[in-house]
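Each remark here refers to the structure printed beneath this line.
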Amino acid sequence: MDLITFGVQLLNAVQYGMVLFLVASGLTLVFGILGVINLAHGAFYMLGAYLAYWIALMTGNFLAALVGGVAIAFLLGLALESVFIRWLYGRDHLAQVLLSFGLILVIDEVRQLLFGKDVHSVAPPDWLSGSLQLTDNLSYPVYRLAICVFCIGVAALIFLVITRTKIGMIVRAGAENREMTRVLGIDYDKVNRLVFATGIALAALGGIVTAPISTVYPGMGDGMLILSFVVVVLGGIGSVAGAAIGALLIGLTDTFGKVFFPSVSGMLIYLLMAIVLLWRPNGILGRREA
Amino acid sequence: MTKERANLVRASGLPALCLLAAIALPFVVPQYYVQFASKALILGVLAMALNLVVGQGGLVSLCHAAFFGLAGYVLALMSPKYDAASLLLTLPVAVLAASFAALVIGALALRTRGVYFIMVTLAFGEMLFYLFHDADFAGGSDGAFINAKPELVIAGVRLLDLDKPSTFYFLVLGVTVAVVALLMTVVRSPFGHALAAARDNERRARALGFPIFRIRLIAFVLSGALAGLAGYLAAVQFGFMAPQMLGWHQSATVLVMVLIGGLGTVTGPLIGALVLLGLEEVLKAFFEHWKLIEGVIVIAIVLLLPNGVRQLWPMVFGEAAREPARDHAIKPTSAPAPETGHA
């Protein structure tokens with residue numbers, strides 16, 4: 001493999017990893033702070049892609065699809081939290097697994113009622129189409145580069161909000177000791193709702209930015225859900241930094257696995273997971289559970 | 001009916017009555033329902049197998065469909081193209097394959113706790129799904145056909161004609177009864193008590209010197225083997241294996257059966273399988289988007305009946321029904337059934 005091909009694959013790996021990071025960070029945020037394991041996370045990824053397709057079709061504008069899709073997902077997250085999810089705080093994992101499985105069935109059928117079963121595609125915006133000439137003989141799709149830049153921006157934003165703002169402080173305090181924050185007079189119901197809706201919005205955002213480079217199809221959430229779980233297991237539950245490391249590792253393993261070991265590439269990420277678990281059962285940045 | 005009488009009927013009469021009804025079934029209902037009953041019993045065995053780790057062990061596994069499907073695929077791959085495979089050869093190999101997969105996945109997954117365990121079992125289960133989904137040798141996403149049902153031949157005599165629905169049904173019924181008896185024995189044995197002790201208070205069980213990892217791994221492998229047994233029977237019945245049968249949606253559906261039937265009993269998941277499959281059958285007949293309704297029902301059960309449909313009995317039959325329902329539970333202690341899964 002020459003240096004050029006290597007560079008292209010590296011960019012592919014980073015781009016893939018960044019989308020994985022978006023989705024997995026939503027999953028790990030909801031679990032780390034609310035203690036809720038949400039199997040329906042992949043369904044919201046799929047829903048995001050369908051919303052992007054639908055809004056882009058209506059408006060002809062990808063930016064509108066991006067903003068509109070995220071907004072709808074966020075509002076949906078707020079509504080779902082107040083109707084269903086808040087009953088799951090403190091319940092056992094089995095209840096959480098099954099309720100979110102019920103949600104998947106509902107979301108999938110509603111999606112089919114609204115958008116049908118067809119496979120769709122979404123065009124990237126004009127100003128991001130085409131390829132960029134990086135060196136003499138290395139060109140790379142602009143849209144994929146834009147995904148990298150955009151996702152790094154979102155990741156930086158998440159880190160800043162969690163580590164530098166008052167909201168982030170409250171969220172961290174609540175994850176640490178919920179009773180104490182309640183005693184201190186913080187309306188934790190509102191914080192919960194915001195955290196869940198943010199997690200859902202991140203899943204949908206992943207689906208939206210992926211829509212132009214992939215196809216939009218009914219089962220797309222499933223693969224993403226499993227991969228996000230692997231990312232979270234690798235990085236450590238609740239750790240956004242861990243999710244970033246895990247996502248990049250998966251991106252690299254999957255992309256280069258397909259180049260070097262095409263016959264077993266499907267197994268490689270699980271092999272990676274098995275090795276990490278043997279080394280650290282709670283993930284790379286995971287804390288020891290009591 | 002007095003409380004004692006009710007207890008007695010529940011303790012001995014009801015299971016015997018159910019068994020009698022089950023034996024009489026092929027003689028009174030059309031063939032379609034015999035096939036439906038076979039399918040429900042097979043998935044009931046899978047649900048009971050899963051319940052050993054979920055209900056008794058407190059370990060929420062999301063990969064049991066993989067053991068189920070793996071065993072089915074073993075039969076599909078071992079069957080000659082136009083000839084019948086030997087039941088005596090393929091069944092043990094299929095169950096052993098499922099047990100081995102459970103041993104490897106269990107040994108890795110049981111290093112983790114709580115929610116990690118759920119995620120890891122989910123991921124390894126999907127690994128097996130993709131193995132059969134992408135692999136050419138097993139027909140890829142098209143699946144694999146079993147053209148002739150396996151036959152049981154001893155000394156040149158063909159003992160079972162599995163093409164006949166009622167014969168197959170009685171085989172499945174026999175297996176179901178055997179699995180119930182086995183699980184009852186396991187749950188009541190010192191091993192079963194140790195497994196439950198590890199679920200209820202891991203630290204205390206460890207302090208008492210129980211080898212928790214080994215106990216859980218044995219339970220996981222036994223559960224995987226029984227799931228494989230169910231998968232083998234399912235492959236015989238359908239004559240077809242598709243990768244979807246290994247997928248995590250299937251695992252989650254079986255988990256719903258376990259929850260509907262109640263975690264605390266051996267036979268509860270069997271009832272859960274009957275209830276869920278019966279419900280699907282009715283919904284499919286009336287609604288195009290039946291999964292929407294099924295999803296709503298699943299959510300409602302989780303929110304309103306966290307201990308399964310058994311909770312409905314006291315509401316329907318009054319307070320008198322409450323006590324027997326609890327007597328029926330196999331839990332050795334008198335403490336209220338603790339929920340599974342401790343983070």
Please confirm whether the backbone N or O of [Y] pairs with a side-chain atom of [X], one donor and one acceptor, at under 3.5 Å?
X: B:Asn201; Y: B:Arg204; value: yes
X: A:Ser100; Y: A:Leu39; value: yes
X: B:Ser251; Y: B:Ala65; value: yes
X: A:Ser25; Y: A:Phe21; value: yes

As an exercise: rank [options] by heavy-atom pairs under 4.5 Å with chain A and give me the winner.
options: B:Leu131, B:Leu292, B:Leu303; value: B:Leu292
options: B:Trp290, B:Phe129, B:Tyr130, B:Phe124; value: B:Phe124
options: B:Ala252, B:Ala107, B:Gly247, B:Ala300; value: B:Ala252

* Please examine the side chains of A:Phe44 and A:Leu76, heavy atoms only from C-beta on, and report whether any two atoms are closer than 4.5 Å. =>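 They are in side-chain contact.
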Engaged part of [X] at the chain B interface, taking heavy atoms whose separation is under 4.5 Å:
X: A:Val233; answer: both
X: A:Val97; answer: side chain
X: A:Ile104; answer: side chain
X: A:Tyr270; answer: both
X: A:Leu103; answer: both

* Would the B:His64 and B:Phe220 ring centres measure less than 6.0 Å apart? ->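 Under 6.0 Å, so yes.
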Proximal component of [X], with respect to chain A [non-hydrogen, under 4.5 Å]:
X: B:Val298; answer: side chain
X: B:Ile118; answer: side chain
X: B:Leu62; answer: side chain

* Option in A:Leu278, A:Val232, A:Ile37 with maximal non-hydrogen atom pairs under 4.5 Å from chain B ->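 It is A:Leu278.
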* Listed once per pair and sorted, the salt bridge (Lys or Arg N to Asp or Glu O under 4.0 Å) pairs that draw on residues 79-90 of chain A, sequence neighbours left out ->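 Qualifying pairs: A:Glu81-A:Arg193.
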* Asked: Considering residues at least two apart in sequence or located in another chain, which fulfil the ring pair (Phe, Tyr, Trp, His ring centres under 6.0 Å) criterion with A:Tyr53?
  ->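 Applying ring pair (Phe, Tyr, Trp, His ring centres under 6.0 Å) to A:Tyr53 gives A:His120.
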